[in-house]
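This report refers to the structure that appears directly beneath it.
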Amino acid sequence: MSDGPAIDAAVNMKAASGDAPGYAFQHDVVRNLITRQARYPDIATSYDWYAALAFSVRDRMLARWAASTKTYAAKDVKVACYLSAEFLIGPQLGNNLLNLGMEAEARDAMRALGQNLDDLLAIEEEPGLGNGGLGRLAACYLDSLATLEIPAIGYGIRYEFGIFDQEIRDGWQVETTDKWLQKGNPWEIVRPDVSYYVGFGGSTQSETDAEGRLRVRWIPSRQVKGVACDMPMQGFNVNTCNVLRLWKSEAVESFDFQDFNAGEYYEAVEEKVVSETLSKVLYPNDEPEAGKRLRLAQQYFFVSCSLQDMLRLMDAKGTPIEHFADLFAAQLNDTHPSVAVAELMRLLIDERLLSWDAAWDITRRTLAYTNHTLLPEALETWSLPLFQSLLPRPLEIIFEINRRFLDDVRRAYPGDEARVKRMSLIDETGDRKVRMAHLATVGSHAVNGVAALHSDLLKQTVLHDFADMFPEHFLNVTNGVTPRRFLMLSNPGLAHLLDETIGDGWASDLARLDALAAHADDAAFHEAWLAIRRDNKAALAQRIRNTTGIDVDPNALFDIQVKRIHEYKRQHLNALYIVSLYRRVCRNPDLDTASRCFIFGGKAAPGYAMAKLIIRLITGIAEVVNNDATINGRMKVVFYPDFNVKNGHWIYPAADLSEQISTAGKEASGTGNMKFMMNGALTIGTLDGANVEIREEAGAENFYLFGLTAQQVEEVKRAGYRPAEYAQASDDLRDALDQIAQGRFSRGDKDMFRPLVDNLLQSDPFLVLADFADYVACQERVSEAWRDTRQWTRMSIMNTARSGKFSSDRAIREYCERIWKTRPVRIDLAQP
Ligand SMILES: *Cc1c(COP(=O)(O)O)cnc(C)c1O
């Protein structure tokens with residue numbers, strides 16, 4: 001038991017008695033403080049204590065990890081591999097404590113050691129390895145996979161710099177570098193022994209081998225080594241602990257100093273620098289950036305490492321290659337990993353010497369593809385010359401896949417050359433490009449959209465020809481979010497009330513929330529519900545005061561829109577409404593209007609000028625409205641800086657109203673909408689993405705619907721949309737636009753918002769003006785409803801009660817049953 005006199009002495013100095021409950025865990029923490037942080041208690045910083053605690057929690061997970069890994073290796077199990085360029089996992093300490101059921105124990109132990117657990121939780125930097133919804137979805141799925149006891153591996157990239165930190169200076173977004181690894185990452189286990197080589201560039205050679213087979217040899221001009229960096233992913237209330245395996249790039253060559261003269265030495269160092277650049281930084285865009293060579297290199301790098309790792313695991317298990325698809329199901333999270341189609345073929349043909357047909361059969365049975373967008377500009381393509389120069393062998397394979405595939409198309413649709421052109425993996429119109437969505441679709445046995453509406457539109461629009469040819473491959477899996485992080489962890493007050501009211505099974509069976517409906521009219525329950533909501537809002541108000549200096553009243557209606565800033569998400573529609581409401585109160589200072597606090601948050605891509613201007617508009621409106629004596633606090637506008645998972649923990653539980661106001665047909669699903677709903681917010685939204693299903697579940701009477709439908713949006717556009725006519729027709733709208741144009745929110749500067757106003761009046765690609773009137777009318781109904789606290793509270797309860805469908809557990813069950821054919825495996829800790 002003894003760690004040596006020094007450690008024992010330090011522990012005893014801090015802990016009351018060796019027999020006191022919780023002593024063992026305190027001992028672990030102090031031991032880790034000394035042996036891992038190399039600090040003793042008297043001089044330890046808060047970060048040292050955080051790290052020591054994190055290591056102690058990690059130690060508990062590693063026991064479960066070992067048992068899980070051992071079980072997967074021994075048993076005949078199928079492993080789900082989730083390939084994603086992004087995992088936005090959020091802070092880990094709180095979630096791991098929660099999933100291990102040891103939060104109270106840790107709190108007590110840290111208190112005994114003179115530390116406050118909440119302060120330590122606040123220290124943790126979140127790994128910002130994603131841009132927004134897509135990366136967060138991947139993280140929710142890892143939580144659900146482990147919780148449902150599904151053997152799984154998440155594969156991605158260990159970016160040294162994740163999504164930038166956002167500051168607001170002078171009203172504008174300023175990006176600063178995300179240095180999340182500066183102090184180290186206690187959750188990470190680097191495995192130098194788990195590493196693979198990935199080639200780039202060079203050329204290919206054909207040769208005939210000894211058995212007379214034609215073989216292609218790729219001679220890359222450059223090689224990079226990928227090293228596994230693992231993070232444990234602990235399931236909730238189960239022993240299963242899966243792994244998130246992120247690849248870090250390293251230089252292959254270690255160079256021998258003797259052999260170099262000075263010039264070569266610097267070249268060799270340069271080579272090392274270039275190789276390590278590969279996993280340096282996450283592209284901070286929600287959409288692909290045209291022609292970024294490094295981005296394609298990142299994608300190929302992590303996909304190749306991941307597939308090689310799967311093959312190694314197969315070998316280690318002694319499974320013959322023919323059974324690869326029975327051992328692994330690999331899901332492509334959007335097209336970012338879609339080069340996997342070519343790379344798995346390459347590994348099977350060139351390295352494992354399988355025939356084309358055998359390799360193709362394995363590839364298609366292994367892979368499945370999730371589409372995340374219908375926006376044409378967000379569909380990923382790569383120019384042929386770029387692809388050729390970086391990945392010559394994978395491109396040859398893509399050409400061969402395409403040749404065979406287009407033969408199939410011609411057989412199925414004789415004489416339809418227009419269709420052949422549309423479906424080709426290569427876009428031949430203009431500069432030739434590889435169409436990654438087509439590659440992913442052709443190489444997969446299943447293609448899914450992420451909400452019912454999105455999956456329908458997918459089949460009608462971007463993948464229509466493919467759905468026509470393989471209708472049985474297309475399905476829908478509506479997204480979900482984990483109720484552990486987004487309810488239990490971030491809204492402990494509500495979680496406790498749920499435990500008391502409907503029992504504690506809801507966290508792993510969210511459909512049980514339905515039982516809340518029976519309490520929707522119970523006055524005592526209303527009181528408890530409202531008290532929790534008030535606390536959550538007060539906590540957010542405190543944070544708003546600390547970060548922005550703005551005072552907001554927790555009794556006001558908290559109207560919140562947090563998500564990436566994008567024209568299709570229409571933060572500017574919200575802003576226009578605020579201006580019009582402000583103007584109405586200015587004209588009529590006695591107007592009896594519900595007190596509202598408008599809260600925005602979200603990052604704009606650094607190169608997206610219009611999105612940055614929308615942030616500036618919001619901060620400009622805030623400056624005027626918050627300081628106008630006529631308003632007298634009835635309206636407040638806040639831009640909460642640096643929206644990320646950690647800040648989301650405070651924001652989602654404090655919302656009364658959730659803004660989900662994208663142009664219908666543009667938001668694939670949304671997941672923020674689900675987090676708000678679970679926490680009891682009402683939604684004001686369009687019939688877009690998962691809003692459709694949220695409204696179905698909540699009931700139309702508990703949802704504020706407005707706006708054109710996806711079909712109407714198309715009709716308006718087809719008829720020749722003229723946004724200026726909407727401004728002509730509405731005094732309020734014209735006035736709001738005038739005020740912005742006249743510099744009312746830019747300290748008199750009439751140029752600042754001109755691009756935004758001109759864009760709305762002249763083209764308005766996302767129909768902001770067309771939906772304005774209906775949005776305003778809907779907001780007025782919201783304000784009316786807010787006055788009736790009893791009725792509002794009832795609607796709030798009903799939203800939480802009906803949010804069960806939006807658990808990521810439900811989504812993962814659907815993937816397992818319908819696509820992956822994977823089954824739970826119970827992990828026994830006591831096994832030999
Ligand atoms: C949930 C989440 C998102 C996605 O929000 P949407 O409203 O669905 O766009 C983006 N960023 C963070 C940090 C999130 O937690």
Side-chain angles (χ1 to χ4, degrees), residues 84 86-91 94-95 125-143 162-166 178 180 282 284-287 333-334 372-373 375 378 450-451 453-454 478-487 489-491 559-571 573-574 599-605 611 640-655 657-663 666-679 681 683-686 688-694 803 806-808 811:
S84 178
E86 304 188 4
F87 285 92
L88 192 55
I89 58 176
N95 204 250
E125 288 254 11
E126 77 175 74
L129 308 185
N131 274 285
L134 174 141
R136 184 53 236 176
L137 181 76
C140 283
Y141 283 176
L142 292 185
D143 184 77
I163 185 71
F164 61 85
D165 293 334
Q166 179 194 57
D178 162 52
W180 72 287
L282 166 76
N285 271 311
D286 251 356
E287 303 169 9
N333 193 23
D334 210 336
H372 283 272
T373 184
L375 298 182
V450 289
L453 174 68
H454 170 238
T478 299
N479 284 168
V481 302
T482 169
R484 271 76 63 184
R485 180 177 290 274
F486 289 106
L487 212 168
L489 181 65
S490 52
N491 198 345
D559 175 340
I560 307 189
Q561 187 171 21
V562 286
K563 47 183 74 247
R564 288 299 289 251
I565 312 293
H566 209 294
E567 287 164 280
Y568 86 78
K569 293 179 182 273
R570 300 200 295 193
Q571 281 91 356
L573 174 58
N574 191 347
I599 299 164
F600 293 84
K603 294 173 184 177
Y640 194 102
D642 205 33
F643 177 58
N644 55 16
V645 177
K646 199 172 172 181
N647 288 324
H649 289 183
W650 299 97
I651 294 171
Y652 292 112
L657 188 65
S658 156
E659 297 273 352
Q660 307 300 337
I661 61 177
S662 52
T663 316
K666 301 297 178 192
E667 186 76 88
S669 163
T671 48
N673 46 5
M674 303 169 184
K675 301 170 199 165
F676 280 115
M677 182 197 197
M678 265 178 209
N679 284 282
T683 304
I684 181 166
T686 49
D688 200 16
N691 294 354
V692 176
E693 291 154 81
I694 285 178
S803 66
F806 304 106
S807 167
S808 44

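Side-chain atoms are counted along with the backbone in the values below, which use heavy atoms only and exclude waters and symmetry mates. Just so you know, ligand 1 is whichever comes first in the structure, and atom 1 is the first atom listed for that ligand.
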_The criterion is ring-ring contact (aromatic ring centres under 6.0 Å, His included); which residues satisfy it with Phe87, sequence neighbours excluded?_
none
*asked:* Asp178: which residues meet the side chain to side chain donor-acceptor pair (under 3.5 Å) condition with it, sequence neighbours left out?
replied: none
*Does the side chain of Gln561 come under 3.5 Å of the side chain of Asn574 through a donor N or O and an acceptor N or O?*
yes
*Check Arg484 against Asn95 and note the closest heavy-atom contact, atom names and distance.*
C-ND2, 4.5 Å
*List in chain and number order the residues that pass ring-ring contact (aromatic ring centres under 6.0 Å, His included) with Tyr568, two or more places apart in sequence or in another chain; answer none if no residue qualifies.*
His566
*Side-chain heavy-atom pair Asn479, Tyr141 within 4.5 angstrom cut-off*: yes
Report all N/O contacts between ligand 1 and the protein shorter than 3.5 Å as a table of atom names and distances to 0.1 Å; if there are none, say 'none'.
from: ligand 1; atom 1: 7 (O); to: Lys563; atom 2: NZ; distance (Å): 2.7
from: ligand 1; atom 1: 8 (O); to: Thr671; atom 2: N; distance (Å): 2.8
from: ligand 1; atom 1: 8 (O); to: Gly672; atom 2: N; distance (Å): 2.9
from: ligand 1; atom 1: 9 (O); to: Lys569; atom 2: NZ; distance (Å): 2.8
from: ligand 1; atom 1: 15 (O); to: Lys675; atom 2: NZ; distance (Å): 2.6

